[in-house]
Amino acid sequence: MSEQQGCTEVNYSRSLMFHGLGREYFRLCIVNLLLIIVTLGVFAPWAFVRSKQYLYSHTELSGSRFSYNATGGSIFVSWVFVGIFLLSLYMSIYHHASALSWCLVALIVLFLPWLMMRSIRYQMQSTMLNNVRFNFKCSGLKAWWVVLGCPVLLFSAVYFICIIVMSIGFCAISFNVQNMMIVIAMSMMFAVFGVGIAQGITSALWLRLFFSRLSFGKQNFSAEISIRKCIKIILSGIVVLLPFLIAVAGLNFSWLMKVVSTSLSGYIGSPYTLSELESISSKVQISYYLYFFGAVLCWSYIYVTLRGYYFNSVVLSEKIAFRSTLTVTGFIIQLVINSLLTVCTLGLGYPWARVRYCRYLANNTWLDGDLDALDLQDHDDKIATDILSRISCGIVPNISL
């Protein structure tokens with residue numbers, strides 16, 4: 001237990017409760033879908049808001065239910081602007097308008113992180129519990145560094161280091177196909193772990209930014225997020241994926257070697273017989289399944305472990321602590337059942353799958369401490385109505401915790 005939690009006043013524990021029903025959410029989804037089709041997609045923002053309002057209003061904490069007060073009109077204006085901007089960028093690239101393209105890219109680089117923070121603020125201010133709204137405040141410069149500056153710097157560093165490692169490897173070995181493949185494989189392995197380290201750092205910075213600027217009414221959240229711990233969690237997830245990557249490489253190494261050797265020799269034509277091509281096709285299919293299964297395990301481990309870590313690090317007003325009791329096994333079982341429920345019913349079972357997932361998350365999200373003992377008062381900040389705030393409303397419509 002962290003020092004921060006050690007000083008927390010723990011009176012009793014309670015979990016969130018979700019009271020939604022699959023049949024109710026199914027009716028809502030059907031109505032939303034029909035209205036989206038009839039309006040040629042225009043109703044999509046209102047459908048999004050209606051769905052979130054249902055899920056929030058059926059989530060309970062200590063007898064009180066959450067509410068979501070965003071409007072479809074606000075999301076619609078934001079999505080229309082984003083659509084027009086992306087269409088303009090595409091058309092400028094398609095028609096080779098370099099100056100306009102670079103200007104639009106520069107606008108994205110300069111203003112997207114700030115707009116994302118404004119969007120998160122809108123989503124938080126639209127979320128309420130006990131007539132008390134959440135809030136989020138973040139400066140543009142800090143947002144730019146966490147969302148764009150640091151990630152670009154880290155991933156660029158990983159890329160260039162991999163290029164350097166590969167170049168040194170090629171210079172240090174005798175040139176033949178087997179040695180070349182070994183150098184490439186080692187460089188890719190370095191890249192995988194380098195990306196894991198970069199992702200761990202960016203995840204820690206984002207979690208620090210989010211929770212240090214989040215509040216409930218006039219009560220502030222705080223969290224001690226360790227970069228080292230986040231890196232360890234991400235790398236552990238990659239270790240889970242590693243055996244599957246090795247198995248995929250082992251399955252395909254021999255025929256890839258033959259392809260490279262044939263290409264380097266200048267031979268024109270297929271080096272394989274029909275039966276060999278069928279064997280290669282089977283290996284590729286098996287590789288896809290192996291990689292997909294490994295990726296699901298890797299992502300599930302990272303999500304569950306990282307969620308458990310930062311939930312246990314978050315404190316509200318130094319009095320309310322949080323816990324996540326998700327398990328990797330239970331989470332994977334949820335994914336499998338919900339995926340089968342959705343796929344086997346051709347999408348008709350999605351509402352029941354979504355309700356099951358929301359109930360599972362709620363039952364495994366706990367608060368330690370007496371929330372009623374806090375002096376809960378709504379903050380005085382109003383939802384901004386300037387043009388930039390309206391544009392940003394729907395840029396980050398969902399915040400998954």
Side-chain angles (χ1 to χ4, degrees), residues 2-19 49 52-71 73-75 114 116-140 142-143 206-225 310-324 361-362 365-386 388-390 392-393 396-401:
S2 65
E3 293 181 4
Q4 192 174 17
Q5 277 189 287
C7 63
T8 302
E9 298 178 11
V10 179
N11 297 322
Y12 55 91
S13 298
R14 69 191 82 179
S15 70
L16 296 178
M17 298 180 66
F18 184 74
H19 301 284
V49 169
K52 287 195 71 171
Q53 286 175 341
Y54 177 85
L55 297 176
Y56 277 48
S57 65
H58 286 79
T59 302
E60 176 188 315
L61 176 62
S62 299
S64 299
R65 299 198 179 191
F66 290 83
S67 62
Y68 181 69
N69 302 315
T71 64
S74 298
I75 305 296
W114 178 72
M116 290 174 63
M117 297 303 107
R118 297 293 290 265
S119 179
I120 293 173
R121 186 180 187 188
Y122 174 75
Q123 294 297 323
M124 292 294 99
Q125 290 182 337
S126 299
T127 304
M128 182 182 293
L129 177 67
N130 278 334
N131 294 317
V132 178
R133 294 173 298 154
F134 289 83
N135 203 0
F136 179 81
K137 296 180 180 180
C138 180
S139 65
K142 184 67 174 180
W206 161 244
L207 290 171
R208 285 179 179 178
L209 174 73
F210 180 74
F211 287 113
S212 64
R213 286 157 176 80
L214 180 66
S215 62
F216 179 53
K218 297 183 178 180
Q219 307 293 331
N220 295 323
F221 287 84
S222 60
E224 295 294 334
I225 305 295
Y310 66 71
F311 262 65
N312 292 342
S313 302
V314 174
V315 174
L316 173 61
S317 190
E318 302 297 330
K319 295 181 179 180
I320 306 296
F322 300 84
R323 285 184 294 121
S324 172
L361 287 183
T365 302
W366 291 79
L367 280 75
D368 296 329
D370 188 3
L371 191 62
D372 298 328
L374 293 179
D375 181 20
L376 293 179
Q377 300 179 32
D378 194 16
H379 56 79
D380 300 322
D381 293 350
K382 305 297 182 182
I383 293 179
T385 57
D386 58 277
L388 290 178
S389 297
R390 291 181 181 276
S392 67
C393 286
V396 185
N398 263 326
I399 304 170
S400 178
L401 294 176

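Count residues from 1 along the sequence.
- In this model, a donor atom of one side chain and an acceptor atom of the other lie less than 3.5 Å apart for Ser13 and Asp368.
- Around the NZ atom of Lys142, the shell of radius 6.0 Å holds no more than 12 heavy atoms that belong to other residues, nucleotides or ligands.
- Taking CZ of Phe134 as the reference point, atom NE2 of His379 lies at 9.5 Å (rounded to 0.5 Å).
- A donor-acceptor pair is defined here as one N or O able to donate and one able to accept, closer than 3.5 Å; no such pair exists between the side chain of Lys52 and the backbone of Ala70.
- Between the side chain of Arg213 and the backbone N or O of Phe136, no donor-acceptor pair lies under 3.5 Å.
- Among all heavy-atom pairs drawn from Ser119 and Cys393, the shortest one is OG-O, 3.0 Å.
- Trp206 is linked by a ring pair (Phe, Tyr, Trp, His ring centres under 6.0 Å) to Phe210, counting only residues two or more places apart in sequence or in another chain.
- Using a distance-only test at 3.5 Å, with no hydrogens or angles considered, a donor-acceptor pair links the side chain of Gln53 to the main chain of Tyr68.
- Under a 3.5 Å cut-off, the side chain of Arg323 and the backbone N or O of Trp366 do not form any donor-acceptor pair.
- Considering CZ of Phe311 and CG of Leu367, their distance stands at 8.5 Å, rounded to 0.5 Å.
- Smallest separation of non-hydrogen atoms from His58 and Tyr54: ND1-O, 2.8 Å.
- Contact detail for Asp381 and Arg133: the closest heavy-atom pair is O-NH2, 2.8 Å.
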